[in-house]
Protein chains: 2
Amino acid sequence: MQWNLEWLRTFRAIYETGTLSATAKELFISQPGVSLHLNSLEAYAGYKLFDRSPRKMVPTEKGKILYNFILEPLQKLESAEQHFHRRSQPERATISVGMCFETFQYTLEEHVASLPFNLIIKFGLYPQMQVDLDNGLLDMIVTPQKGNQQNLVYEPFSKERIVLIAGSKTDISELMPLLNGGDILDARDFLKQQLWYSTAGDMEHLKNFWSKNFNEHPDFSPNYIVPNISSIIRCLSDNEGFSIVPDFLCHEALDAGKIKLVWEGSKPWENTLYFGTRKNTMYHNELEQLKKLFEEKWEREMV
Amino acid sequence: MQWNLEWLRTFRAIYETGTLSATAKELFISQPGVSLHLNSLEAYAGYKLFDRSPRKMVPTEKGKILYNFILEPLQKLESAEQHFHRRSQPERATISVGMCFETFQYTLEEHVASLPFNLIIKFGLYPQMQVDLDNGLLDMIVTPQKGNQQNLVYEPFSKERIVLIAGSKTDISELMPLLNGGDILDARDFLKQQLWYSTAGDMEHLKNFWSKNFNEHPDFSPNYIVPNISSIIRCLSDNEGFSIVPDFLCHEALDAGKIKLVWEGSKPWENTLYFGTRKNTMYHNELEQLKKLFEEKWEREMV
DNA sequence: ATCTTTGTATCAGAAAAATAATAGTTATGC
DNA sequence: GCATAACTATTATTTTTCTGATACAAAGAT
């Protein structure tokens with residue numbers, strides 16, 4: 001036998017009002033009902049939760065502990081009650097979006113404060129994001145990978161190229177002729193000797209680019225591991241070293257001459273970026289606004 | 001009319017099992033009962049939460065949102081159900097203790113991992129801590145201030161002196177004769193010219209010490225504001241500058257000669273430190289263990 | 001096509017819970 | 001010290017909720 005969650009609502013009200021009759025009024029139930037709820041809860045727990053002083057219910061030790069344990073989740077459920085009631089007027093929506101950290105920083109960060117709805121950004125791995133999107137834990141994802149869930153649609157909105165960049169102080173006078181002249185193997189050996197930047201989670205870019213263009217797994221370790229790609233770009237700016245990154249993240253630094261684009265690979269490696277949403281999402285308008293922000297940013301920067 | 005929290009339990013189970021009959025089995029209620037709960041909830045919300053596909057209840061958009069909204073608090077309440085059931089064997093206790101950050105770092109930090117119970121440390125202001133202790137949000141506080149709550153007991157266990165210290169590189173050859181010779185006003189003027197360290201929340205120490213000894217409010221600002229007193233001590237170590245701190249926090253640095261004790265004031269300012277607990281606490285044994293750790297630390301260091 | 005399995009909805013009756021009325025208890029005011 | 005106010009517990013009755021039985025619907029097996 002399990003307890004009834006309504007007992008907890010009653011318990012909380014008794015704790016807060018201090019009397020059974022006040023509780024009855026607050027919850028719009030009868031005073032004996034309150035008494036019964038409390039007795040059931042105490043019987044279930046196996047100990048008194050209140051000392052019955054004549055004018056006031058005084059919580060016992062156990063009562064205090066129980067109260068503090070249940071208060072927060074109970075409030076959350078009761079707020080759900082408001083939220084999901086038919087008469088509750090449509091309020092500020094809350095949208096959850098999954099994307100990689102860099103994409104967020106690059107596109108959305110500057111607009112967060114001005115959005116007419118609440119926004120929750122979640123970071124994570126793309127396959128997990130797809131599952132979360134399908135389950136309603138996320139409302140949109142920005143991803144280079146399409147999944148195969150029935151209920152999801154993917155809408156391409158841009159492309160990213162994964163490219164080799166270098167800090168502007170890097171000496172590439174030796175490297176460029178090799179790359180342009182098709183001396184790929186010599187270029188590879190040159191690159192192995194250089195300073196490399198990478199991120200913990202993002203060695204994938206380096207590995208894939210290397211394998212695609214040099215037909216081998218990279219057999220050297222990056223010299224600097226930093227938290228994210230934006231950090232790489234800041235570290236490289238007006239500095240020395242190489243890295244493999246998505247091009248859209250470094251347009252500004254490229255334009256400012258702080259870093260230089262070295263090579264796009266023998267055949268450019270291009271990912272399509274998709275908005276992923278549920279077919280029957282109820283946040284269509286809000287998501288369209290978000291998509292517009294992305295598209296504007298891309299138009300502005302990628303000309 | 002408000003909704004019944006039991007509906008949520010049922011809703012969650014339907015969401016997770018996918019059918020009403022499986023839910024009925026899981027919750028030990030009848031299948032029509034499940035059907036009824038769901039209908040009530042949907043009527044209350046004003047929209048369908050599941051599409052009735054022949055073999056499976058498929059959550060709608062709203063259903064998914066509701067599920068994600070209530071899942072976590074519901075789990076918490078259900079864990080309370082385990083926890084507060086009479087047959088639940090006494091498990092690892094969880095003790096909440098309030099004290100200032102420095103006291104925690106100084107005494108308990110090194111022992112946390114080896115305690116046979118769970119420990120939650122909360123920081124805050126002493127009057128609020130007293131209220132929280134009385135309400136059962138905390139089980140013990142370590143404080144220099146006694147409150148007047150009926151239900152609380154305060155047990156003195158040590159004293160702290162608030163003293164003037166200086167980094168070992170500080171030149172105090174000019175200052176010491178003034179202090180020893182009773183030239184308090186000249187000492188005061190000398191001190192005003194020096195480098196001072198303080199914490200954001202802890203200007204109280206400086207203010208009180210200054211008022212007590214110099215009969216005026218300090219009319220200068222500290223040069224460095226750092227996050228806590230431990231930082232002050234690390235900053236001063238083998239360095240230059242002054243600060244007002246509780247003596248017990250700097251015994252090690254004093255013994256190592258990294259800082260020096262300059263002055264205890266014309267009449268030493270001494271606080272008694274108390275353990276505050278509720279009279280009828282159910283964690284007597286656990287709290288005694290904690291107290292022992294404190295007392296041992298003090299005995300070891302303050303000889 | 002037909003049968004079986006798996007599932008949902010409906011209904012009358014059974015069980016449980018909530019209620020109103022009321023009795024009992026203790027502080028407080030006069 | 002008694003009347004009153006404020007509150008809780010108990011009881012008989014009403015109301016709500018839950019259940020077993022059963023009808024119905026769709027998918028899969030034969």
Side-chain angles (χ1 to χ4, degrees), chain A residues 1-60 62-64 66-67 74 77-78 81 85 150-151, chain B residues 1-60 62-63 66-67 77 81 150-151:
Chain A
M1 177 240 184
Q2 49 186 4
W3 76 17
N4 190 304
L5 291 174
E6 285 298 311
W7 298 350
L8 294 183
R9 199 206 291 262
T10 307
F11 168 80
R12 175 191 162 198
I14 299 172
Y15 194 102
E16 289 174 355
T17 61
T19 75
L20 301 194
S21 19
T23 300
K25 256 182 215 141
E26 181 176 316
L27 300 182
F28 301 104
I29 57 178
S30 69
Q31 175 267 312
V34 175
S35 184
L36 226 58
H37 275 190
L38 178 58
N39 289 340
S40 307
L41 188 58
E42 288 184 330
Y44 180 91
Y47 32 74
K48 284 257 159 301
L49 294 167
F50 291 97
D51 289 322
R52 274 70 168 171
S53 99
R55 289 300 238 263
K56 192 149 188 269
M57 305 294 277
V58 179
T60 62
K62 299 271 191 180
K64 288 178 178 179
L66 178 60
Y67 177 78
L74 204 57
L77 291 190
E78 289 180 340
E81 183 173 337
H85 189 23
Q150 282 296 311
N151 190 31
Chain B
M1 177 237 183
Q2 48 185 6
W3 76 15
N4 191 306
L5 291 175
E6 286 298 309
W7 299 348
L8 295 183
R9 200 205 291 263
T10 307
F11 168 79
R12 176 191 162 198
I14 299 173
Y15 194 102
E16 289 174 356
T17 62
T19 75
L20 301 194
S21 19
T23 300
K25 259 183 213 139
E26 182 176 314
L27 300 182
F28 303 104
I29 58 179
S30 68
Q31 175 266 314
V34 174
S35 184
L36 225 58
H37 274 192
L38 178 58
N39 289 339
S40 308
L41 189 57
E42 288 183 331
Y44 180 90
Y47 33 75
K48 285 257 160 300
L49 295 167
F50 292 97
D51 289 320
R52 275 69 167 171
S53 101
R55 289 300 237 255
K56 193 150 187 268
M57 305 294 277
V58 180
T60 62
K62 300 269 190 180
L66 178 60
Y67 177 77
L77 291 190
E81 183 173 338
Q150 282 295 308
N151 189 30

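Predicted, not measured: the structure shown is a model, and the values here were computed from it. All chains are named by letter (A, B, ...) in the order of the sequence lines, taking the proteins before the strands, and each is independently numbered beginning at 1.
- When all heavy atoms are compared, the tightest approach of L41(A) to W3(A) is CD1-CE3, 3.5 Å.
- Contact annotation: the side chain of T60(A) never approaches that of Y47(A) to less than 4.5 Å [non-hydrogen atoms, C-beta and beyond].
- Residues forming a side-chain contact (heavy atoms from CB on, under 4.5 Å) with N39(A) (at least two apart in sequence, or on another chain): S35(A), E42(A), R52(A).
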Sugar-phosphate atoms are those with a prime plus P, OP1 and OP2; base atoms are the rest. Using that split, label each nucleotide of nucleotides 16-28 of chain D B, S or - for protein heavy atoms under 4.0 Å, 5' to 3'.
--SBBB----BB-

Which atom pairs, donor and acceptor, lie under 3.5 Å between side-chain atoms of residues 12-20 of chain B and protein residues at least two apart or in another chain?
{"unit_1": "R12(B)", "atom_1": "NE", "unit_2": "E16(B)", "atom_2": "OE1", "d": "3.4"}
{"unit_1": "R12(B)", "atom_1": "NE", "unit_2": "E16(B)", "atom_2": "OE2", "d": "3.0"}
{"unit_1": "R12(B)", "atom_1": "NH1", "unit_2": "E78(B)", "atom_2": "OE1", "d": "2.5"}
{"unit_1": "E16(B)", "atom_1": "OE2", "unit_2": "Y67(B)", "atom_2": "OH", "d": "2.7"}
{"unit_1": "T17(B)", "atom_1": "OG1", "unit_2": "A13(B)", "atom_2": "O", "d": "2.9"}
{"unit_1": "T17(B)", "atom_1": "OG1", "unit_2": "T19(B)", "atom_2": "N", "d": "3.4"}
{"unit_1": "T17(B)", "atom_1": "OG1", "unit_2": "T19(B)", "atom_2": "O", "d": "3.0"}
{"unit_1": "T17(B)", "atom_1": "OG1", "unit_2": "T23(B)", "atom_2": "OG1", "d": "2.8"}
{"unit_1": "T19(B)", "atom_1": "OG1", "unit_2": "A22(B)", "atom_2": "N", "d": "3.0"}

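- Between F50(A) and V58(A) there is no side-chain heavy-atom pair separated by less than 4.5 Å.
- In this structure, the ring of H37(B) has its center no less than 6.0 angstrom from the ring center of F11(B).
- Residues E6(B) and L5(A) approach most closely at OE2-N, 2.6 Å, considering heavy atoms.
- Taking every nucleotide of DNA chain C with any atom under 4.0 Å from a non-hydrogen atom of chain A, the first and last of them, 5' to 3', are dA18(C) to dA27(C).
- For residues 13-23 of chain B, proximity to DNA chain D is found at no residue, defined as any non-hydrogen atom under 4.0 angstrom from a strand atom.
- Annotation for H85(A) and Y44(B): closest pair ND1-O, 3.1 Å, computed over non-hydrogen atoms.
- Taking a cutoff of 4.0 Å between a charged side-chain nitrogen and a carboxylate oxygen, E26(A) and R9(A) do not qualify as a salt bridge.
- Rounded to an integer number of Å, the gap from L38(A) CG to dC7(D) C1' is 14 Å.
- Applying the side chain to side chain donor-acceptor pair (under 3.5 Å) rule to Q31(A) yields no partners; only residues at least two apart in sequence or on another chain are considered.
- What you find for A24(B) and S30(B) is that their closest heavy atoms are CB-C, 3.7 Å.
- The distance from atom CD of E81(B) to atom CH2 of W7(A), rounded to the nearest 0.5 Å, is 8.5 Å.
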Symbol by symbol from the 5' end, with Watson-Crick or G-U pairs under 3.5 Å, [ ] crossing and | another strand, DNA chain C is ||||||||||||||||||||||||||||||

